[in-house]
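Please read these numbers as outputs of a predicted model, since none were measured by experiment. Atom set for the values below is all heavy atoms of this structure, side chains included, hydrogens, waters and symmetry mates excluded.
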Amino acid sequence: MDALTHAAGPLGLVVLALVDSTSVGTLVIPAMLLVLGQGGARRVAGRTVLYLLVIGFFYLVLGLVLLAGLLPLMQSAQGLLETPAAAVALPAIGAGLLAWSFRLDPKSIRKRGGDPEASARRWSERVRSAAGKPRALVGLALLAGVIEAASMLPYLAAMGIIGQMGLGFARGALVLVGYCAVMILPGLVLAGVRALAGARADRLLQRLRDWAIRSAAETLSWVVGIVGVILLLRNLGTVLDVLGIG
């Protein structure tokens with residue numbers, strides 16, 4: 001079981017980075033930019049890359065700030081984290097997140113009278129206003145980062161995993177660079193496809209954009225659920241040890 005929880009560290013980071021790569025800021029908005037952008041294919045792709053680099057840098061700086069404060073905090077709280085209460089609380093939080101993910105499912109939202117696509121449509125209007133304006137794209141990237149930071153469960157979970165891996169700040173920062181690179185990689189690939197294929201990629205990108213808008217709420221549900229599962233796996237060995245099973 002210890003091998004499982006240790007493996008959940010690096011593997012969990014990869015999973016969380018891939019999950020973060022499907023968020024509104026890192027995939028939905030870039031897909032919108034590639035469809036709504038004006039000008040030649042390479043110009044549209046270049047502006048989308050600018051957006052992705054800005055939001056990637058935003059998350060990197062935010063992560064470094066969090067890591068700088070998190071590592072000393074985790075060192076001082078190491079004894080607390082090793083108590084039986086913490087061993088039970090962390091997987092309990094994971095189970096709670098997993099349960100919450102079902103309430104965030106679009107079908108559940110519709111049953112409660114909500115509109116799961118409302119947020120994505122608001123972002124579409126923001127993208128339409130910013131497309132083709134480099135300064136506006138920088139502002140759009142920062143706005144997306146700030147707004148999503150309030151619900152960045154995968155990113156916060158990744159910070160916790162990096163802190164628990166005991167890498168120190170320098171090596172932890174390198175891991176964070178790789179994490180942020182994975183976050184924006186799918187968007188960069190789509191921008192490359194747009195630059196190389198030109199108008200031939202329009203239909204594919206339009207379908208992707210429509211799918212991204214429809215599935216944005218479902219993606220959030222999956223994000224919360226995956227974070228919950230990772231918390232469970234990461235701390236399950238400790239729980240079993242406390243119970244005398246491990």
Side-chain angles (χ1 to χ4, degrees), residues 1-23 25-26 52-98 141-142 144-188 223-242 246:
M1 186 57 66
D2 285 341
L4 176 61
T5 54
H6 285 311
L11 179 60
L13 285 176
V14 173
V15 171
L16 289 170
L18 291 174
V19 169
D20 262 335
S21 74
T22 65
S23 74
T26 54
L52 286 165
L53 292 177
V54 172
I55 196 169
F57 184 73
F58 172 86
Y59 274 116
L60 176 60
V61 172
L62 180 60
L64 292 174
V65 171
L66 290 174
L67 196 60
L70 182 64
L71 292 178
L73 180 63
M74 293 192 71
Q75 289 175 356
S76 61
Q78 188 64 36
L80 179 62
L81 292 173
E82 293 176 353
T83 62
V88 174
L90 290 174
I93 292 172
L97 290 174
L98 185 59
L142 295 176
V146 170
I147 290 178
E148 287 199 310
S151 59
M152 50 192 294
L153 286 178
Y155 202 67
L156 290 176
M159 292 301 99
I161 291 176
I162 293 174
Q164 288 182 348
M165 290 171 71
L167 299 175
F169 182 78
R171 286 189 293 172
L174 290 177
V175 172
L176 188 58
V177 169
Y179 186 97
C180 292
V182 173
M183 281 179 60
I184 65 173
L185 182 59
L188 292 175
V223 164
V224 174
I226 288 172
V227 172
V229 169
I230 288 176
L231 276 175
L232 282 170
L233 288 176
R234 183 72 177 168
N235 298 280
L236 186 58
T238 307
V239 174
L240 295 180
D241 289 339
V242 170

**OP:** Taking the side chain as every heavy atom from C-beta outward, state whether Val229 and Val15 have any pair of such atoms under 4.5 Å apart.
**Re:** no
Subject >> Approximate separation, where rounding is to 0.5 Å, of Met159 CE and Leu13 CG >> reply: 8.0 Å
Original post:
So, for Leu52 and Leu188, which heavy atoms are closest and what is the spacing to 0.1 Å?
Top reply: CD1-N, 3.5 Å
**OP:** For the pair Thr26 (side chain) and Asp20 (backbone), establish whether a donor and an acceptor sit closer than 3.5 Å, ignoring hydrogens and angles.
**Re:** yes
Original post:
So, for Thr22 and Val19, which heavy atoms are closest and what is the spacing to 0.1 Å?
Top reply: OG1-O, 2.7 Å
Original post:
What heavy-atom pair brings Leu142 and Phe58 nearest, and what distance separates the two atoms?
Top reply: CD2-CD1, 4.0 Å
Subject >> Point-to-point distance, once rounded to the nearest 0.5 Å, from CG of Leu67 to CG of Leu60 >> reply: 10.5 Å
Subject >> Heavy-atom pair with the smallest gap, counting every atom of Gly25 and Ala144 >> reply: CA-CB, 4.3 Å
Subject >> Backbone N/O of Leu16 and side chain of Tyr179: donor-acceptor pair under 3.5 Å >> reply: yes
Subject >> Reported SG-to-CG distance for the pair Cys180 and Leu64, which is rounded to 0.5 angstrom >> reply: 8.0 Å
Subject >> Polar side-chain atom of Glu148 near backbone of Ser23 as donor-acceptor pair, under 3.5 Å >> reply: no
Subject >> Close side-chain approach of Tyr155 to Met183, heavy-atom, < 4.5 Å >> reply: yes
Original post:
Does some side-chain heavy atom of Val14 sit less than 4.5 Å from a side-chain heavy atom of Val182?
Top reply: no
